[in-house]
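Have a look at the structure below, then the notes.
Side-chain atoms are counted along with the backbone in the values below, which use heavy atoms only and exclude waters and symmetry mates.
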Amino acid sequence: MVQFKKLALPDKGTGIEIKKGKLNISDNPIIPFIVGDGIGLDIINASMIVWNEAVKLAYNSKREIEWFEIFAGEKAIEKYGEPLPEDTLKAVQYFKIAIKGPLTTPVGGGYRSLNVSLRQLLNLYACVRPVKYYKGVPSPLKNPEKIDIVIFRENTEDVYSGIEWEEGTEEAKEVIDFINKEMGTKLEYDAGIGVKPISRSKTKRLVRKAIQYAIDNKKGSVTIVHKGNIMKFTEGAFKKWGYEVAVEEFRERIITEDELYDQVKAEDGVTPVLKKGVFKSLRGGKPAGNPGGRIVIKDRIADQMFMQLLTRPDEYEVIALPNLNGDYLSDAAAGQIGGLGIAPGANIGDTVALFEPTHGSAPKYRGLDKVNPSSMILSGVMMLKYIGWIEAAELIEKSLEKAFIDKKITYDLARQMEGVNPIKTSEFARAIVERMK
């Protein structure tokens, strides 16, 4: 059994193992959790009520999660004198699955983003964010029910890799000197400098995971999103390598959009987009033109994709893209279905998965029992699905939606609706539990 400096293991429960590439889950797995900063305690307390009750009801008290608190952020500084102790990394690696609240990232100074550090140190290369509309939630769209996508964002490269030098430093001057002299550029010396690495190996593992997810969950399309028309050797390469892994490793399960276009044209002798039903199928819609149920692999320029998610979101199901654009697009998509308050997330590697809400720590609301815990709750739903406890996950989703429909909502959603009085974070959790029964 793993040893820790300042952590005591739960008295009950078993660790999660991986056997033959698959998770081996007992009826009482030990799952570490991090409360987080700011509103972390409010939302994780509410979420625990919902998760525990759903597991109890779904499995007639025969299953139970043994929660194991580990530390990062403010609580870690208090306990260890540092924001991300070795104990925490060791625990997540050993138990394979963990869930966390939001962590504060100091702006302009202090320590580096703990969220980014966790992803890089644990090699959690895929940020997975489902964006799905729930009835009863106010949305700026006319038909938000058309949105049901899963975003796979590369987590470890791009401009988020942390390779940068501050303007005016000796390091920045040396880099500018080298680039100007050796590469013939004319960079200004009052510039801050950052590096944008996008590699073949890390692109392929991300797109591979997105395609495998589409296969496992019977999705109709995977869209590679990039800005390759401008950044040809980074984002353009992301597109190229994404298609490569699709064709080389999933040839019998996929068809590219170009192949589908040519196939339909050859069969009918007409331009496919003029045929009824094929227009949507070329973009991954479900009606027609997808021979043998194969997954359509396609790509879109990033700025075009933002527009497409607004104008025809039902033509997209799984989306894979580099780090920065993935950050933008996932938040923009969440805004279409009610905001970050109901947008869950996970950071997943080959053997470890860390689930978390997508919003920040909102320290001004700390301890007010006011904020929406749905993103935290739904991150737990993702976790339950990941370990195969589908019945508990679906029970939470159905009960959550009933609460929304009944207008049992927190202030962030209530202020978008007329004549609706908000309820507290803890009351919202109890409202979900009541609807489970």
Side-chain angles (χ1 to χ4, degrees), residues 4 6-7 30-52 65-93 95 97-107 110-122 124 127-129 155 327 330-331 334 339-348 352-384 386 410 412 424-426 428-429:
F4 299 106
K6 295 187 177 183
L7 296 176
I30 296 172
I31 295 182
F33 72 96
I34 297 169
V35 168
D37 301 327
I39 58 172
L41 186 60
D42 289 8
I43 63 174
I44 208 158
N45 281 345
S47 299
M48 289 279 191
I49 293 170
V50 174
W51 299 331
N52 290 338
I65 294 173
E66 303 296 338
W67 297 105
F68 172 36
E69 185 174 7
I70 59 177
F71 301 89
E74 295 168 359
K75 290 189 76 173
I77 292 172
E78 293 174 7
K79 189 175 181 69
Y80 290 87
E82 58 180 315
L84 187 57
E86 182 182 348
D87 272 0
T88 296
L89 296 171
K90 187 185 295 185
V92 178
Q93 287 173 322
F95 289 104
I97 292 171
I99 192 163
K100 61 177 276 295
L103 294 169
T104 298
T105 299
V107 176
Y111 49 83
R112 191 173 170 226
S113 168
L114 298 179
N115 296 314
V116 172
S117 296
L118 281 164
R119 294 164 193 166
Q120 293 183 344
L121 292 170
L122 295 168
L124 306 177
C127 178
V128 183
R129 290 182 58 171
N155 242 348
D327 198 358
S330 53
D331 279 15
L340 293 178
I342 54 174
N347 297 288
I348 302 175
V352 174
L354 178 62
F355 298 83
E356 63 179 0
T358 58
H359 54 70
S361 59
K364 70 177 182 178
Y365 294 112
R366 181 201 306 262
L368 298 183
D369 198 20
K370 182 177 182 178
V371 298
N372 188 350
S374 297
S375 179
M376 186 85 241
I377 291 169
L378 289 169
S379 296
V381 167
M382 287 183 71
M383 183 188 73
L384 291 169
Y386 187 82
T410 47
D412 59 313
K424 296 178 179 180
T425 308
S426 55
F428 182 67

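The distance from the CG atom of Leu122 to the CD1 atom of Ile348 is 13.0 Å, given to the nearest 0.5 Å. Expressed to the nearest 0.5 Å, how far CZ of Arg119 lies from OG of Ser113 amounts to 6.5 Å. The structure places CD1 of Ile77 at 10.5 Å from CG of Leu84, a figure rounded to the nearest 0.5 Å. Atoms CD and CG, on Glu82 and Asp87 in that order, are 9.0 Å from each other to the nearest 0.5 Å. Note that the CZ atom of Arg366 and the CG atom of Leu41 stand 9.0 Å from one another [nearest 0.5 Å]. The distance from the NZ atom of Lys75 to the CD1 atom of Ile34 is 11.0 Å, given to the nearest 0.5 Å.
With respect to Glu69 and Lys79, no salt bridge is recorded, no charged nitrogen being found less than 4.0 Å from a carboxylate O. Of the charged side-chain nitrogens involved, at least one lies within less than 4.0 Å of a carboxylate oxygen, so that Asp331 and Arg129 count as a salt-bridged pair.
In this structure, Phe4 and Ile70 have side chains that are not in contact, with every pair of non-hydrogen atoms separated by 4.5 Å or more. At a threshold of 4.5 Å between non-hydrogen side-chain atoms, the residues Pro373 and Phe428 count as touching. Using a 4.5 Å heavy-atom threshold, the side chains of Val352 and Leu118 count as separate. For the pair Phe33/Met48, a side-chain contact is recorded, criterion being any heavy-atom separation below 4.5 Å from C-beta on. At least one side-chain heavy atom of Trp67 sits less than 4.5 Å from a side-chain heavy atom of Ile31. By the 4.5 Å heavy-atom criterion applied to side chains, Met376 and Trp51 are counted as neighbours. The shortest side-chain heavy-atom distance between Asn45 and Ser426 does not fall under the 4.5 Å cut-off.
Applying the side chain to side chain donor-acceptor pair (under 3.5 Å) rule to Asp412 yields the partners Asn372, Thr410; only residues at least two apart in sequence or on another chain are considered.
More than 12 non-hydrogen atoms from other residues, nucleotides or ligands lie less than 6.0 angstrom from NZ of Lys90.
Between Phe95 and Phe68, the two ring planes are perpendicular [angle over 60°; tilted spans 30° to 60°].
Here the shortest heavy-atom pairing between Gly38 and Glu74 reads N-OE1, 4.4 Å. Ile99 approaches Leu354 most closely through the heavy-atom pair N-CD1, 4.1 Å. Across all non-hydrogen atoms, the minimal contact from Leu378 to Ile342 is CD1-O, 3.5 Å. Heavy-atom minimum distance, Gly341 versus Ser374: O-CB, 3.2 Å. Across all their heavy atoms, Ala72 and Leu103 have their closest contact at O-CD2, 3.6 Å.
Within the 3.5 Å criterion, the main-chain N or O of Lys424 finds no donor-acceptor partner in the side chain of Asp369. Not one N or O on the side chain of Thr425 forms a donor-acceptor pair closer than 3.5 Å with the backbone of Ile43.
With Lys100 as reference, Asn115 is the one residue of Asn347, Thr88, Asn115 to meet the side-chain hydrogen bond (donor to acceptor under 3.5 Å, both in side chains) rule.
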Distance-only donor-acceptor pairs under 3.5 Å for side chains of residues 357-364, two or more places apart:
unit_1, atom_1, unit_2, atom_2, d
Thr358, OG1, Ala343, O, 2.7
Ser361, OG, Thr104, OG1, 2.6

